[in-house]
A.B. asks: 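Provided herewith is a single structure, encoded as structure tokens, for subsequent inquiry.
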Amino acid sequence: VWQMLQENPNQKILISSQSHLAVDNALERLYKKNLIRPLRIAARTGNAIEPEGRLYFQEVIEDWAKASVDSKEERENKKNAVVAWLDRVVETIETQEQFDAIQAKWRKQIQAPNPDIKEMMKDIYLQNVNVVAATCLECGQKDFKNRYAGEGFDCVIVDEASKATPPEMLVPLVLAKKVVIIGDHKQLPPMIEERKIEEVLREIGEEELADDMEALKTLQFEKLFLDASDSVKVTLNTQYRMHDHIMQVINAFYQDEGGLQCGIKEEMDKPDFSLRGSRWHGLSAHPLIGPDDHVIWVEVNSPEIAHNPSFSNDGEVEAVRKVLAYLQKADGYAEYLKACKKEEDQEIGLVSFYGKQVQKLQDLVQDFQEQGLKMRLRTVDKFQGMERNIMIVSTVRSDTQITAKGDGDAGNGAHPAKPPRKNSDIGFAKDFRRVNVAFSRARRLLIIVGNESHFAKHNALYKDIKAIIGRYGSRIDVTQL
């Protein structure tokens, strides 16, 4: 986006994706960038929208502009695109001694504008928007084209395209003069409500398609990428997110593409949080973690609990509690937090493959949040597109299984309805793309909690990962904590 607008600031660009989160993540990278004036479009400004996206809402900008100076409404909406633009203007004002007095007045008016100036700056900004950001489906709303697209966008960028179904992807593409589609078909496909789609297909007479739902699960992005001419596609295989040791773990998923390369090797181990390429965390809490550990597998052999239709694992919940306690008291943790300027950098990410396990982890997370620990808990599917310095993954599945009496009974003191039995299923992890997403969210530290032998025994790819962790990471049994 920035390169295109440097070439021609008058271009009009649309950033789109299947999810609100992906759109907001893209906008977060554009904050206070020169030449870029974004506007975020969505039907609502509720919980679905991240703070990074909310500041670009027209409603937020207008509420700030009409609010009286130093009022509650002004303070609530002060973080907005126009204020960010004005801050950037102030930062670029050259200091010239002969103009000190008038420049001081100009800075004051920009940094604490009166209502007339706010209204004027708001109008100037909205008249000169050059980046529009919206989900794929929002681009199909009946007034979107008239209000924002006009004769079409000079370029439409679809991010996280592997998550979009074919109809979703088509909606923004029809507004484009030029298209850039970005995604990774080694990560999660679209979420499809199979039964509903099957019913609709049968209603319209598409019996053959209804009988073969697998055809709809094949990624449209993957088809496009594999079928496209080499002249219009490229694989970006140098990653700048994670420490090399974490990258080596997920490299097992990319061997067909020649593997990933680490773009931060020169700086990644330097104990300096100010370096952009440093992935040093500086944490030490024996016996769990040392400053040089970046991948840790905490072995837990407790049985999984079968609910209907989800799974949980009480032993892993307790293991996560121990891990968080170690992190909280680790030497260097206070310094690490102080160096994290953004709240999301301070957050510990916690994910699991199963909604029932996430429910059980919720009480634990609340306990630690009350103690001041910042955390973000999600299922793996809802964490795609996000990243955190420290990630904990609860895998849940194990080689023994007990069945809960009723949905939600296990974990509330209920006895299992059936005795433990042997289990050979790895569940959602059969889809390596889900494991890839889970393991690739971490920048500095990845901690995996689960039954490693169970996963390695039932899948050759995970057997390779077990060997890689043995080479680049460390293992510890939960009984040692």
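Starting from 1, each residue takes its place in the sequence as its number.
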A.B. asks: Test the Lys186-Phe221 pair against the cation-pi criterion, namely NZ or CZ under 6.0 angstrom from the six-membered ring centroid and within 45° of the ring axis.
C.D. replies: no
A.B. asks: His281: which residues meet the ring pair (Phe, Tyr, Trp, His ring centres under 6.0 Å) condition with it, sequence neighbours left out?
C.D. replies: His294
A.B. asks: Please tell me whether Ser17 and Ser19 have a donor and an acceptor in their side chains that are separated by less than 3.5 angstrom.
C.D. replies: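 Looking only at side-chain atoms, Ser19 and Ser17 do not form any donor-acceptor pair under 3.5 Å.
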A.B. asks: Is it the case that the side chains of Arg40 and His20 hold a donor-acceptor pair, with the cut-off being a distance below 3.5 Å and no angle test?
C.D. replies: yes
A.B. asks: Tyr254: which residues meet the ring pair (Phe, Tyr, Trp, His ring centres under 6.0 Å) condition with it, sequence neighbours left out?
C.D. replies: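 Tyr254 satisfies ring pair (Phe, Tyr, Trp, His ring centres under 6.0 Å) with no other residue.
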A.B. asks: If the test is salt bridge (charged side-chain N to carboxylate O under 4.0 Å, His left out), which one of Arg441, Arg376, Arg241, Arg444 qualifies with Glu387?
C.D. replies: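 Answer to the salt bridge (charged side-chain N to carboxylate O under 4.0 Å, His left out) test with Glu387 among Arg441, Arg376, Arg241, Arg444: Arg241.
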A.B. asks: When you check the side-chain N and O atoms of Glu74 and Ser71, is any donor under 3.5 Å from an acceptor?
C.D. replies: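 Checked: Glu74/Ser71 side chains show no N/O donor-acceptor pair below 3.5 Å.
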A.B. asks: Regarding Lys78 and the six-membered ring of Trp64, is the cationic atom NZ or CZ under 6.0 Å from the ring centre and inside 45° of its axis?
C.D. replies: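 No, Lys78 does not sit over the ring of Trp64.
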A.B. asks: List the steps, then state whether side chain to side chain contact (heavy atoms under 4.5 Å, CB included) holds for Gln369 with Met375.
C.D. replies: CA-CA 7 Å; Gln369 286 177 327; Met375 298 189 67; 4.2 Å; yes
A.B. asks: Check this for me: Arg276, atom CZ, are more than 12 non-hydrogen atoms of other residues, nucleotides or ligands nearer than 6.0 Å?
C.D. replies: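 Atom CZ in Arg276 is not packed in, count stays at 12 or less.
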A.B. asks: Answer with yes or no whether the side chains of Asn237 and Glu257 bring together a donor and an acceptor at under 3.5 Å.
C.D. replies: no
A.B. asks: Can you confirm whether the side chains of Glu62 and Gln58 place a donor and an acceptor under 3.5 Å from each other?
C.D. replies: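 Yes, Gln58 and Glu62 have a side-chain donor paired with an acceptor closer than 3.5 Å.
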